[in-house]
Amino acid sequence: MTVLRFIFGDQLNLNLPTLRDCASHDLIFMTEVKDEATHIKHHKKKLVFVFSCMRHFLILLKKHYQHVVYSYLTDSDNTGSFRNECHRIIKLYNVTKIILTEPSDYRVYQDVLFWQSLFNIPVEIREDTRFICSKKRFKEWIDGKKQLRMEFFYREMRQEFDILMKDGKPIGGTWNYDKQNRKPPKKNLQIPTCFQVKEDSITQDVKSMVNKEFSSHFGDIDPFFYAVTRDDALSSLDHFIKYGLAKYGSYQDAMLDDEPFMFHSLLSFYLNCGLLSPLECILAVQDAYYNGNVPINSVEGFIRQVLGWREYIRGIYWLKMPKYKDDNYLEAKRSLPKFFWTANTTLNCLKISIENTKENAYAHHIQRLMVLGNFSLLAGLDPHEVNEWYHIVYADAYEWVELPNVSGMVLFADGGVVASKPYAASGSYIKKMSNYCDKCQFSPNEKLGEKACPFNYLYWNFFLENKIRLSKNPRLGMVYRTLSKFDEDKQYQIQDHANKFLVSMYQELDSV
Ligand code: FAD
Ligand code: SF4
């Protein structure tokens, strides 16, 4: 009797439920499969990251367990899919039972559910305990609620896990310091260099393989400096606490053209593939506060993202799938312009955010939300295409976390499950929070005319286009009251500018 313990590429942790009670003769199996790398054409750097993390985790596994089998992507007998790989190993080793931890994505989970009848052996699917809030607990939280606002979920999690609490009350007397977390970048702001690891021979081998096998995929492989082991991921956490955390809160929303990482932690890669656990990050950051090294607005800001947003987003994903993927409340239909892949656009904020994405397989939250996301919303881009782009280009993107952020937070495609109103903003937001406009051919101060920032007229055009669906939203009362004061000619001008822009965005520029 051979028990097969199957580990997916985003489950790289020795505490994984799959490995609980693992006997010495059990077989642990990991495989690099082409289907997963190509079902959408992931960024090259993301593939290097995931495969290198897997190969480093293999070394760790071999230190702890006797019987570990690993299939490399280019092995001649690698069948290219999880299902076929499992079948091959079952036959090869006479496997009589499979144990695994539930996959994080709906599509893979659905496939795994068939394995028992397909292979005719028991398949034990264990709950993924790497999240703080279980699916069951999330369902309890939503019970009887009309609105599923993150803030209230977050407060319950703070109480339940006793994070930043004293005598049953939030430390500092308030739950949320968001108002102190919106400082624009001031001149001469000193940004720390992000944590960087020198690549080893394993990563170099993976780079060659990715260059050869996935040459047509988007994105740059070099420079590659992300951590690929748990030890280095832990050092990355330490580095963030030491150098980034103190100003993380105040400048959370700030953007600078030559600073792609600002004070952000860059921990999402490691959290999402299992190298770090959310609770250990939260506790380490909380300790830094108790040790008196960092202000409350930074600590609370970080903890809200991990304990609040990350857990909430995962809960929403499992609550709403599979329908969530097809939600398109605003019936947005425009296709994604080509410049999302080339960065060949005259809108400087988009150009920089896409260039950062191409180089690093990373853009920080405000670039994703208020530049790229805001543009996608205002331009009425098709949610399927926008989701696919976000899923492809970021090294931390897995459907469970990408989809609710894009369809819920950015595109309002879910009609208000995640956000109470669309996060639409004009050029003045980007002007206030960044230096992108300084080098742009458009002016954020101009509303109409050749020089006018396209975000300005797209903003009003968006509310005109979606009047039927949005004008009754109580949080948009002010917007529609202002809009009603625009005379017909002004409304016509806005729509005319917007229509011309929305046609021109598909024309290729010579060079920018
Ligand atoms: P920090 O700013 O340092 O934040 C700390 C941690 O908080 C992050 O590492 C992350 O784990 C968590 N976090 C913060 N915000 C969110 C959020 N909204 N949802 C989930 N976790 C959050 N995050 C992903 O991990 N994968 C994605 O594919 C992804 N796609 C996104 C798409 C859009 C349109 C938007 C608006 C956000 C998306 N996010 C995604 C959330 C967030 O932008 C990233 O987690 C963050 O930019 C990662 O960088 P960081 O680790 O430096 O984050
Ligand atoms: Fe972006 Fe408008 Fe500023 Fe140009 S002027 S960088 S398009 S916000």
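Just so you know, these numbers come straight off a predicted model, no measurement behind them. Every number for a ligand or one of its atoms is a count from 1 in the order of the listing.
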- prompt: Excluding waters, which protein N, O or S atoms are within less than 2.8 Å of atom 2 (Fe) of ligand 2?
  reply: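 You should have found C453 SG.
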- prompt: Can you list the residues that meet the ring pair (Phe, Tyr, Trp, His ring centres under 6.0 Å) rule with W400, with sequence neighbours excluded?
  reply: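 Scan of W400 (ring pair (Phe, Tyr, Trp, His ring centres under 6.0 Å), adjacent residues dropped) gives F131.
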field: ring pair (Phe, Tyr, Trp, His ring centres under 6.0 Å) partners of Y436, counting only residues at least two apart
entry: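 Not a single residue meets the ring pair (Phe, Tyr, Trp, His ring centres under 6.0 Å) criterion with Y436.
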task: Report the C-alpha distance between F82 and F8 in whole Å, list the side-chain angles of each, state the deciding distance to 0.1 Å, and finish with yes or no for ring pair (Phe, Tyr, Trp, His ring centres under 6.0 Å).
output: CA-CA 9 Å; F82 289 141; F8 294 98; 4.9 Å; yes
- prompt: Mind checking what residues have non-hydrogen atoms under 4.0 angstrom from ligand 1?
  reply: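 Within 4.0 Å of ligand 1, protein side: Y248, H264, S265, L266, L267, S268, L271, N272, F302, Q305, V306, W309, R310, I313, Y362, A363, H364, H365, R368, L369, Y390, D396, A397, V401, E402, N405, V406, M409, V410.
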message: Tell me whether K439 is salt-bridged to D257, with the criterion being a basic N under 4.0 Å from an acidic carboxylate O.
response: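 A salt bridge is present here (some side-chain N lies under 4.0 Å from a carboxylate O).
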- prompt: Would R230 and E280 pass as an ion pair if we require N to O under 4.0 Å?
  reply: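 Salt bridge between R230 and E280, a charged N being under 4.0 Å from a carboxylate O: yes.
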query: Is the gap between the ring centers of W318 and Y109 under 6.0 Å?
result: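 Between W318 and Y109, the centre distance is under 6.0 Å.
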task: Without swapping roles, check the side chain of E359 against the backbone of D220 for a donor-acceptor pair under 3.5 Å.
output: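 A pair under 3.5 Å: no.
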task: Please examine the side chains of Y290 and I171, heavy atoms only from C-beta on, and report whether any two atoms are closer than 4.5 Å.
output: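 A side-chain contact under 4.5 Å exists here.
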Sole candidate of W460, Y457, Y459 that passes ring pair (Phe, Tyr, Trp, His ring centres under 6.0 Å) when paired with H497: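 Exactly one pass, corresponding to Y457.
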